[in-house]
Participant: 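My structure is below; once you've seen it, I'll send some questions.
Please read all numbers here as calculations on a predicted model, not as lab measurements.
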Amino acid sequence: MLQLADCIIAAETCEELFTPNSPHITLALNGADIITNGSGSHHNLRKLDKRVQLIVGATAKSGGVYMYANQIGCDGGRLYYDGCAMVCVNGQVVAQGAQFSLKEVEVLASSVDLAECRSVRGAFMSRCEQVATVPAVPKVEVDFRLCGDEFLFPSTKIALRVHDPMEEIALGPACWLWDYLRRSNQGGYFVALSGGADSTTVAALVGSMCQQVVKEVAAGNATVLRDVRRITGEEDYTPTDHTELANKILYTTYMGTTNSTMDTRNRAKNLAGQIGAYHLDTNVDMIVEALTKLFTMVVGKTPRFRAHGSTDPRENLALQNIQARLRMVFGYMLAQLLPWSRDRRGGLLVLGTANVDEALRGYYTKYDCSAADINPIGSISKEDLKRFMAWASTNLGYPEMNSVLQAPPTAELEPITEDYTQLDEVDMGMSYADLSAYGQLRKQSRAGPLTMFRSLIPVWGPGTARNMTVREVADKVKKFFFFYSINRHKMTTLTPSYHAEDYSPDDNRHDLRQFLYNASWSWQFKSIERLHDDVEADAKKRAPGGAPIRSAD
């Protein structure tokens with residue numbers, strides 16, 4: 001601690017604020033008037049609430065001043081540091097910075113009455129008793145006075161500004177995208193816009209980025225303006241319209257096949273128009289057919305879709321995968337040459353469009369449009385994305401997002417017949433809501449198959465809102481872990497994603513687990529069966545007349 005002539009200043013660092021025995025407790029009991037925290041706390045959805053509670057609680061219990069500073073911007077990887085510096089006095093926030101900002105530096109100023117802080121501390125008799133027994137912290141004397149002779153009115157309590165989670169999705173990835181674009185010195189972003197929920201959200205986030213940039217330029221941020229001119233290659237350009245800026249730095253392309261519909265084609269076109277993106281509409285049947293013919297020439301057999309009579313699922317899956325992979329190849333060609341075709345500078349960074357739940361389940365083609373340079377939604381759940389689309393359709397000014405939201409998610413990789421239309425949740429054999437639950441238990445609760453089964457019985461099982469049988473819960477858990485394990489290898493090539501949720505399966509930083517599992521999970525699945533039998537036997541004993549409760553066996 002620093003013993004100044006008129007006060008004592010101490011510090012704790014970053015995550016120490018979140019620990020059970022935070023240093024600020026001992027420091028305050030040792031007389032520290034002001035505690036500082038130079039933090040490097042990255043953004044997570046809904047994390048600011050906890051951060052604020054801890055800072056407010058630190059001075060509500062101990063009195064005094066807590067000065068919290070946080071980094072701002074992309075760390076050069078998956079994390080975004082969301083700022084939101086604060087000054088808290090005796091449990092009240094008196095100054096707060098922006099949570100998401102394109103500024104390089106933000107400075108907060110407030111006046112505090114240290115005499116009032118000491119008075120608050122002196123009013124707690126139990127605290128005074130603890131002061132007598134707390135271990136002493138060494139002090140370094142500094143010949144300096146912090147307080148001046150001029151009288152200043154103390155800063156008063158302010159209303160906290162905490163963003164809604166949908167605002168966080170709109171602003172966090174947008175700021176991260178801007179940092180990535182300006183540091184990479186590329187000419188913009190490319191999105192393979194399918195007219196589905198994921199690519200629609202990614203394009204909208206670039207649109208949100210453009211909106212934030214225009215606002216910052218209007219506010220006089222010279223650094224942002226200089227970056228805009230460098231990225232666009234226009235030395236005299238000053239953006240005043242976010243759709244005009246989007247037309248210069250966001251390129252989208254709808255790459256249809258015979259399996260695509262006019263609905264998705266029109267939704268992609270309409271959304272691109274609302275954002276302002278430079279949009280192309282094309283078909284890739286030519287390259288799909290060329291590769292299929294090459295395969296037939298080499299092996300002497302022609303694969304068919306299930307809808308065309310195939311009974312081998314390998315044929316049906318391979319014909320879907322080749323469409324997806326060729327879109328990735330053509331997308332990268334477009335990203336390299338579209339600016340050249342418009343006589344604009346640089347190349348484009350390709351944005352991935354796979355969400356966290358599909359990555360967890362492995363419901364995507366390896367090296368398809370999920371293979372990209374970066375992915376702004378790669379750790380955001382499908383359920384949050386749906387809520388964001390509803391919010392963004394009004395608040396970002398992109399009403400076509402609501403049309404996309406109303407359409408059932410589909411990959412459009414199989415032929416549509418009178419009695420069959422491909423749907424994502426049917427293909428996966430599980431809902432996106434269930435996938436979010438699996439993901440949180442697997443990562444945040446560190447649950448394997450047996451623990452997950454135990455956790456879900458009281459949530460999904462008999463007597464709950466879902467009222468599933470214990471057998472149904474067991475089968476769901478086993479199905480998830482089977483597909484999770486056979487697709488785990490895909491995590492080794494997962495596109496670096498904006499880190500928004502702790503249950504992200506990103507293998508490169510946040511989920512360092514093996515990528516080869518025994519998909520039979522022999523011990524775990526046998527243990528699930530034993531527990532299932534025990535639960536059913538117990539239910540049978542407790543049921544009137546000895547009949548089992550909601551048994552599917």
Side-chain angles (χ1 to χ4, degrees), residues 1-41 47-71 83-99 106-162:
M1 300 196 303
L2 298 180
Q3 173 73 68
L4 277 60
D6 53 358
C7 66
I8 299 175
I9 299 177
E12 65 179 1
T13 60
C14 199
E15 199 172 11
E16 289 179 335
L17 173 65
F18 293 82
T19 58
N21 187 20
S22 299
H24 67 254
I25 298 172
T26 301
L27 295 172
L29 291 174
N30 270 269
D33 299 292
I34 301 171
I35 297 174
T36 65
N37 187 334
S39 184
S41 183
K47 182 180 179 181
L48 181 60
D49 281 329
K50 182 176 182 180
R51 200 187 292 163
V52 170
Q53 288 172 10
L54 290 171
I55 293 171
V56 169
T59 59
K61 288 193 304 181
S62 303
V65 180
Y66 198 102
M67 296 173 58
Y68 177 84
N70 192 24
Q71 295 183 64
C84 200
M86 279 178 276
V87 178
C88 190
V89 181
N90 297 330
Q92 296 184 339
V93 177
V94 299
Q96 179 187 13
Q99 184 182 6
E106 186 176 31
V107 178
L108 296 185
S110 60
S111 302
V112 298
D113 186 346
L114 294 181
E116 179 185 359
C117 295
R118 293 162 185 157
S119 175
V120 167
R121 286 178 171 177
F124 292 120
M125 296 308 298
S126 297
R127 179 188 178 280
C128 295
E129 293 179 9
Q130 289 186 336
V131 167
T133 59
V134 69
V137 176
K139 297 182 179 68
V140 176
E141 293 191 6
V142 180
D143 185 16
F144 181 80
R145 294 183 64 84
L146 185 65
C147 302
D149 295 329
E150 180 184 358
F151 176 76
L152 298 172
F153 288 102
S155 299
T156 58
K157 179 182 179 181
I158 64 170
L160 272 170
R161 301 184 303 275
V162 178

Participant: Distance check, rounded to the nearest 0.5 Å: Asp33 atom CG versus Cys147 atom SG?
Facilitator: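 One finds 8.5 Å between CG of Asp33 and SG of Cys147.
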Participant: If every non-hydrogen atom of Val94 is compared with every non-hydrogen atom of Lys157, which pair is closest and at what distance?
Facilitator: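 Here Val94 and Lys157 meet closest at CG1-N, 4.2 Å.
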Participant: For atom CD of Glu16, is the number of surrounding heavy atoms from other residues, nucleotides or ligands below 6.0 Å larger than 12?
Facilitator: yes
Participant: Side chains of Leu114 and Ile34: closer than 4.5 Å at any heavy-atom pair?
Facilitator: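 In contact.
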Participant: Carefully, step by step, assess Lys50 and Phe18 under the rule side-chain contact (heavy atoms from CB on, under 4.5 Å).
Facilitator: CA-CA 9 Å; Lys50 182 176 182 180; Phe18 293 82; 4.0 Å; yes
Participant: Search all heavy atoms of Arg161 against all heavy atoms of Ala98 and return the closest pair with its distance.
Facilitator: NH2-N, 4.4 Å
Participant: Could you measure the distance from the CD1 atom of Ile35 to the CE atom of Met1? Nearest 0.5 Å is fine.
Facilitator: 9.0 Å
Participant: Where is the tightest heavy-atom contact between Leu27 and Ala11, given as atom of each residue plus distance?
Facilitator: CD1-O, 3.6 Å
Participant: About how many Å separate CG of Leu146 and SG of Cys7, when rounded to the nearest 0.5 Å?
Facilitator: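 Cys7 SG to Leu146 CG: 4.5 Å, rounded to 0.5 Å.
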Participant: Check whether any side-chain heavy atom of Val65 sits under 4.5 Å from a side-chain heavy atom of Cys117, and report yes or no.
Facilitator: yes
Participant: Evaluate Tyr66 against Leu17 for side-chain contact (heavy atoms from CB on, under 4.5 Å), listing each step before the verdict.
Facilitator: CA-CA 11 Å; Tyr66 198 102; Leu17 173 65; 3.6 Å; yes
Participant: Might you point out which heavy atoms bring Gly91 and Thr59 nearest each other, and give the distance in Å?
Facilitator: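 Closest heavy-atom pair between Gly91 and Thr59: N-OG1, 2.7 Å.
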Participant: For Met67, I'd like to know if atom CE has over 12 heavy atoms of other residues, nucleotides or ligands within 6.0 Å.
Facilitator: no
Participant: Quick one: closest heavy-atom pair of Tyr68 and Ser41, and the distance?
Facilitator: OH-CB, 3.4 Å
Participant: Which distance, rounded to the nearest 0.5 Å, do you find between the CE of Met86 and the OG of Ser39?
Facilitator: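 Between Met86 CE and Ser39 OG, I get 9.5 Å after rounding to 0.5 Å.
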Participant: Look only at the side chain of Asn70 and the backbone of Ala85, and say whether a donor-acceptor pair between them is shorter than 3.5 Å.
Facilitator: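 Absent.
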Participant: Please round to the nearest 0.5 Å and tell me the distance separating atom CG of Leu29 and atom CZ of Arg121.
Facilitator: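 Between atom CG of Leu29 and atom CZ of Arg121 there are 8.0 Å.
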Participant: What do the steps show when you test Thr19 against Asn21 for side-chain contact (heavy atoms from CB on, under 4.5 Å), and what is the final call?
Facilitator: CA-CA 6 Å; Thr19 58; Asn21 187 20; 5.6 Å; no
Participant: Asn90 side chain to Gly63 main-chain N or O, any donor-acceptor pair under 3.5 Å?
Facilitator: no
Participant: From Arg118 CZ over to Asp113 CG, what is the distance, rounded to the nearest 0.5 angstrom?
Facilitator: 9.0 Å
Participant: Could you report the tightest heavy-atom contact between Pro23 and Glu12, atom names first, then the distance?
Facilitator: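 Heavy-atom minimum between the residues: CD-OE1, 3.3 Å.
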Participant: Any side-chain heavy-atom pair from Val89 and Glu116 closer than 4.5 angstrom?
Facilitator: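 Answer no - side chains too far apart.
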Participant: Taking side chain as C-beta onward, heavy atoms only, is Ser155 less than 4.5 Å from Val87?
Facilitator: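 No - every pair of side-chain heavy atoms lies 4.5 Å or more apart.
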